[in-house]
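Down below is the structure, laid out as structure tokens.
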Protein chains: 2
Amino acid sequence: MSGTVNGSRRVRLVDVARHAGVSTKTVSNVVHNYEHVTPDMRSKVQKSIRELGYKPNLTARRLVTGKTSMIALAIPETNHPYFSSLADAIVKAAVDRDYRVLIEQTDGDSEKELDVLRDREAGLVDGVIFQPAKVTSLDLAEIQEDTPVVMLGEAASPIAFDHIMIDNSAAAEVAVKHLIGLGRKRIAFLGDVRGDNAGATKKRLAGYQKGLEDAGLSVDTSLVLQVESFSPESAKVAVQEAIRSGIEFEGLLCRDDRFAVAALQLLRDEGISTPEQIAVIGWDDTVLARYSYPTLTSVSPNIQAIATEAVQMLIERIEGLTGSGRHVLAPYNLHIRESAPAVKAASAPKN
Amino acid sequence: MSGTVNGSRRVRLVDVARHAGVSTKTVSNVVHNYEHVTPDMRSKVQKSIRELGYKPNLTARRLVTGKTSMIALAIPETNHPYFSSLADAIVKAAVDRDYRVLIEQTDGDSEKELDVLRDREAGLVDGVIFQPAKVTSLDLAEIQEDTPVVMLGEAASPIAFDHIMIDNSAAAEVAVKHLIGLGRKRIAFLGDVRGDNAGATKKRLAGYQKGLEDAGLSVDTSLVLQVESFSPESAKVAVQEAIRSGIEFEGLLCRDDRFAVAALQLLRDEGISTPEQIAVIGWDDTVLARYSYPTLTSVSPNIQAIATEAVQMLIERIEGLTGSGRHVLAPYNLHIRESAPAVKAASAPKN
DNA sequence: AAACAAATTTACATCGTTGTAAATTACACT
DNA sequence: AGTGTAATTTACAACGATGTAAATTTGTTT
């Protein structure tokens, strides 16, 4: 009773129609639960469908409807704690809306990122949710495609595109103020990555600075730690150099959890206690934050909200909404854990 | 110079043909780099393609060729360190072979898992790589579909399917022997999860047992810690209860990294040192192992090899290979880190 | 220059479904 | 019973590409 009888071709709509003695359109109507079908017809057709093991061919359906019911999610890497939870949430949100998700890995490569939007082939997906790592607003502005796109993340994007992000500057400010609330005065930022032109770090730095200034603290540029690359190793090197060169700080705000956890490991190796001597805050609230030692306080974007909103906005575009790009700020909060505990329980720095 | 001129429909093959004054088939030939096309023709057509901004419609192509060049990857959750690296590797391997990957999350739900194979719609993908969490060999045997499938992971699968896994029993044995090499005699296993009928744990337990027996150690069933669910919390509860009830052990082999890292946290909270008092080994060698404290020794399946092989086997099936299921053992090794260090550097248990 | 073979190009049917609009049937009301 | 209207069902032409096989052009050989 399988889809094909030995060696014969797949069962088509027309085969069901013949078997049931009706037109193909009626079978189609039954398949789609069209309401104006008499119960007799319906059950007769359903019986044939069952007996023949008919399954609709999605490709043919797509060709005539022009809809794929698929969206692409373009992210730098799947194997990254933040992006994998983002992917998870977006897949769930899409499935709720009867869409499927195609993952496109751009590997943080600007050519691959542009390819995603250049859209060399048509009819693959109905729309794209795109979190760029390298590509700049200028690159994007040149590309004017007709596939709907929703941008995620902190990169500046052309106003033409819908865009969802958290208020990076405000979030950094909240994080800095939390550290200040713990009595920390000299607060470092890890890290300013060489060649990172995506703009995320700049915004976080701006918030970091504003947080300090609002509290009447001076901004010391030697506390903005420069990092060679996005690898945890180079983050460790940066922190280590700072310590070796005698730069003192009691708080550390990191641009992401990977850097933060690397910093935790380094501080431990150097015999510096967290949070007693240096309180640390990460960014993204990934799985790493839950399992590190000490557990990591982290800026926590509401991924659920981002995913739901992104899918919603994209579907609106797919369904024909026009007009210039919408710009949405997603909610976030600071997830407090041991590395920068709640203010009440805070002990003053010991050094 | 974009794909569509204001408001007009998409450019089709036939539009290019008319513009260039040739037949549609010639345009198609140029698009596909068919060799028997004169240079004149080719450049004339390419010019038209460029000027009109033509992009081939994948759906139409698929309908006539019957190929989607997409494969599905069905996994319990994207947001899991092991599965996200698996997804990453499979996407890369597939892209290398000119396939795209559709991620299907089964949420460890047996209905959803069956749905993946029941294949309610045809022509979505050319084949499926499927790592089940719940579904048993029996459930699967009933389903006889024509979409090629490659199974991953430790669940028993019907002989009809191709299947790739690491030798769980042997790997567990290696891990246990490593602990024994560190001088540990009482070695516990975390954990036997209630309701886990996927068979993975059973095989690991078998290897655990064999490793002990080979070393002439007795197998104490109270050292096989029962866990209520797959959550880290329940793993912690299980370890805690064992300690509270006076069960003593110097080595701990865990069924996955999440459990292992949860155990590390609990041991720390209990004031038990790792690896001095209890050496711990995880499984899957996920990102957690790199960032935990202490860093985690873990059984490390060669994900790269698994992904490449899975894609290779699936494509062979897609291209028509018939015959009964092939069963492949993938390579693995024990990634040594601090929680169960290399034998040389090992210190004897202190308690 | 004719004849044949090989290399290009073309015409046309086809993939399997759904949209449109026309044809039919069923139903209600004089 | 006859007519008008609404509810079903159907016929047929798309959707946009590629495969097949035939038609044409080009090139070679005698």
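Naming: A, B, ... by sequence-line order, numbering from 1 per chain.
At a threshold of 4.0 angstrom between heavy atoms, the contacts of T26(A) include nucleobase atoms, whether or not backbone atoms are also involved.
Side-chain proximity of V37(A) to dG16(D), dT18(C), dT9(D): nearest is dT9(D). Minimum atom distance to the side chain of L63(A) is reached by dG16(D), of the listed dT9(C), dT17(C), dG16(D). Taking the side chain of K25(B) as heavy atoms from C-beta on, and the options dC15(C), dT20(D), dT17(C), the nearest nucleotide is dT20(D). Among the nucleotides dA11(D), dC15(D), dT20(D), the one closest to the side chain of R12(B) is dC15(D).
With no hydrogens or angles considered, a side-chain donor-acceptor pair links Y99(B) and K67(B) at under 3.5 Å.
Taking atom CG of residue L13(B) and atom P of nucleotide dC12(C), one finds them 17 Å apart after rounding to whole Å. Taking atom CG of residue N57(B) and atom C1' of nucleotide dC15(D), one finds them 8 Å apart after rounding to whole Å. Distance L124(B) CG to dT17(C) P: 14 Å, rounded to the nearest Å. Rounded to whole Å, the distance from CG on N29(A) to C1' on dT10(D) is 10 Å. In this structure, CG of D15(B) is placed 9 Å from P of dG16(D), rounded to the nearest angstrom.
Residue Y34(B) places no side-chain N or O under 4.0 Å from the OP1 or OP2 atom of dG19(D). Taking side-chain N and O atoms only, T38(A) has a distance below 4.0 Å to OP1 or OP2 of dT9(D). For T24(B), no side-chain nitrogen or oxygen approaches OP1 or OP2 of dA11(C) to under 4.0 Å. Note on H36(A): every side-chain N or O is 4.0 Å or more away from OP1 and OP2 of dA7(D). Distances shorter than 4.0 Å separate some side-chain N or O of S28(B) from OP1 or OP2 on dT18(D).
Comparing A60(B) and V31(A) against DNA chain C, the residue whose closest nucleotide sits nearer the 5' end is A60(B).
Each of T147(B), D162(B), T322(B) was evaluated against R317(B); a single residue qualifies, D162(B), per the side-chain hydrogen bond (donor to acceptor under 3.5 Å, both in side chains) test.
For the pair L73(B) and A87(B), the tightest heavy-atom approach, listed with the atom from each and the gap, is CD2-CA, 3.7 Å.
We find the CD-CZ distance between E121(A) and R61(B) to be 6.0 Å, quoted to the nearest 0.5 Å.
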